[in-house]
Student: 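Provided herewith is a single structure, encoded as structure tokens, for subsequent inquiry.
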Amino acid sequence: MIKGIALLLLFQLIGESIVFSSGMPLPGPVVGLVLLFVAMQLCKAMGLGLFSEAETAADGFLANLGLLFVPAGVGIVALWGELQSQAGILLAILVASAILTLAATVWTFIAVQRLVGRE
């Protein structure tokens, strides 16, 4: 399991290094995750089982994923009075962001549909 965690952290470090050195506007862990995915697919295609320990470590993290939400829940409980006093503005922001997200999704779909040539 330690080797698997080390491998996951290595790919995160590689992703962070690439983002830092190139100035890409992407999070380093996302780049590392994409590189890990590509490496896993290449090893799978070649019949190599190099990432079995990383899969075990990832399964361990996923099994305990609920624990990662505990700090957010504690923060909500601790700041409940603040949340209640600003409930109106929070609700307005949530509704506005949902509408903007839906509009961006529709515009993207329409643009891709026009690019592909299907009307």
Side-chain angles (χ1 to χ4, degrees):
M1 181 107 165
I2 298 294
K3 289 180 184 178
I5 293 172
L7 190 61
L8 294 174
L9 290 174
L10 174 68
F11 273 91
Q12 181 178 357
L13 176 66
I14 292 169
E16 288 282 356
S17 300
I18 290 171
V19 167
F20 182 76
S21 63
S22 69
M24 286 191 304
L26 292 171
V30 172
V31 174
L33 186 64
V34 169
L35 292 174
L36 176 65
F37 176 74
V38 169
M40 290 178 86
Q41 294 305 312
L42 289 174
C43 285
K44 185 177 178 182
M46 291 189 290
L48 302 173
L50 299 175
F51 291 97
S52 62
E53 291 189 31
E55 290 177 20
T56 304
D59 287 340
F61 283 134
L62 288 174
N64 297 303
L65 188 63
L67 292 175
L68 299 176
F69 292 103
V70 170
V74 170
I76 288 173
V77 170
L79 298 173
W80 185 250
E82 187 74 23
L83 288 173
Q84 284 180 328
S85 67
Q86 298 182 6
I89 191 69
L90 287 173
L91 184 63
I93 290 170
L94 285 172
V95 169
S97 65
I99 290 170
L100 287 174
T101 302
L102 286 171
T105 303
V106 168
W107 289 332
T108 304
F109 178 76
I110 291 170
V112 169
Q113 196 175 29
R114 287 183 182 162
L115 272 174
V116 173
R118 298 181 191 154
E119 297 259 331

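We're numbering straight along the sequence, starting at 1.
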Student: Quick one: OG1 on Thr105 to CD1 on Ile110, what's the gap to the nearest 0.5 Å?
Tutor: 11.0 Å
Student: Restricting to non-hydrogen atoms, name the atom on Leu26 and the atom on Val19 that form the minimum distance, rounded to 0.1 Å.
Tutor: O-CG1, 3.2 Å
Student: Check for me, please, whether Trp107 and Ile99 land in the same ILVMFWY cluster - side-chain distances under 4.5 Å, paths through other members count.
Tutor: no
Student: Any chain of hydrophobic side-chain contacts (each under 4.5 Å) joining Leu50 to Met1?
Tutor: yes
Student: If every non-hydrogen atom of Gln12 is compared with every non-hydrogen atom of Pro29, which pair is closest and at what distance?
Tutor: NE2-CG, 3.6 Å
Student: Could you walk me through whether Val70 and Val74 pass side chain to side chain contact (heavy atoms under 4.5 Å, CB included), step by step?
Tutor: CA-CA 6 Å; Val70 170; Val74 170; 4.2 Å; yes
Student: About how many Å separate CG of Leu10 and CG of Leu36, when rounded to the nearest 0.5 Å?
Tutor: 9.5 Å
Student: Search all heavy atoms of Gly4 against all heavy atoms of Ala57 and return the closest pair with its distance.
Tutor: C-CB, 3.8 Å
Student: Rounded to the nearest 0.5 Å, what's the gap from CG on Leu33 to CE on Met40? Could you check?
Tutor: 10.0 Å
Student: For side chain to side chain contact (heavy atoms under 4.5 Å, CB included), just list the numbers for Met24 and Val31, CA-CA rounded to whole Å, side-chain angles, deciding distance to a tenth of an Å, and then say yes or no.
Tutor: CA-CA 10 Å; Met24 286 191 304; Val31 174; 3.9 Å; yes
Student: What side chain to side chain donor-acceptor pair (under 3.5 Å) pairs are there with at least one residue in residues 83-96, not counting sequence neighbours?
Tutor: Glu82-Gln86
Student: With rounding to the nearest 0.5 angstrom, report the OG1 to CZ distance, Thr56 to Phe51.
Tutor: 13.0 Å
Student: Would you say Gln113 and Phe109 make side-chain contact, with heavy atoms under 4.5 Å?
Tutor: yes
Student: Is there a path of hydrophobic side-chain contacts, each under 4.5 Å between heavy atoms of I/L/V/M/F/W/Y residues, joining Leu35 to Leu48?
Tutor: yes
Student: Would a hydrophobic clustering, with Ile, Leu, Val, Met, Phe, Trp and Tyr connected at side-chain separations under 4.5 Å, put Leu79 with Leu94?
Tutor: no
Student: Identify which one of Leu7, Leu13, Leu8 satisfies the side chain to side chain contact (heavy atoms under 4.5 Å, CB included) criterion when paired with Phe11.
Tutor: Leu7
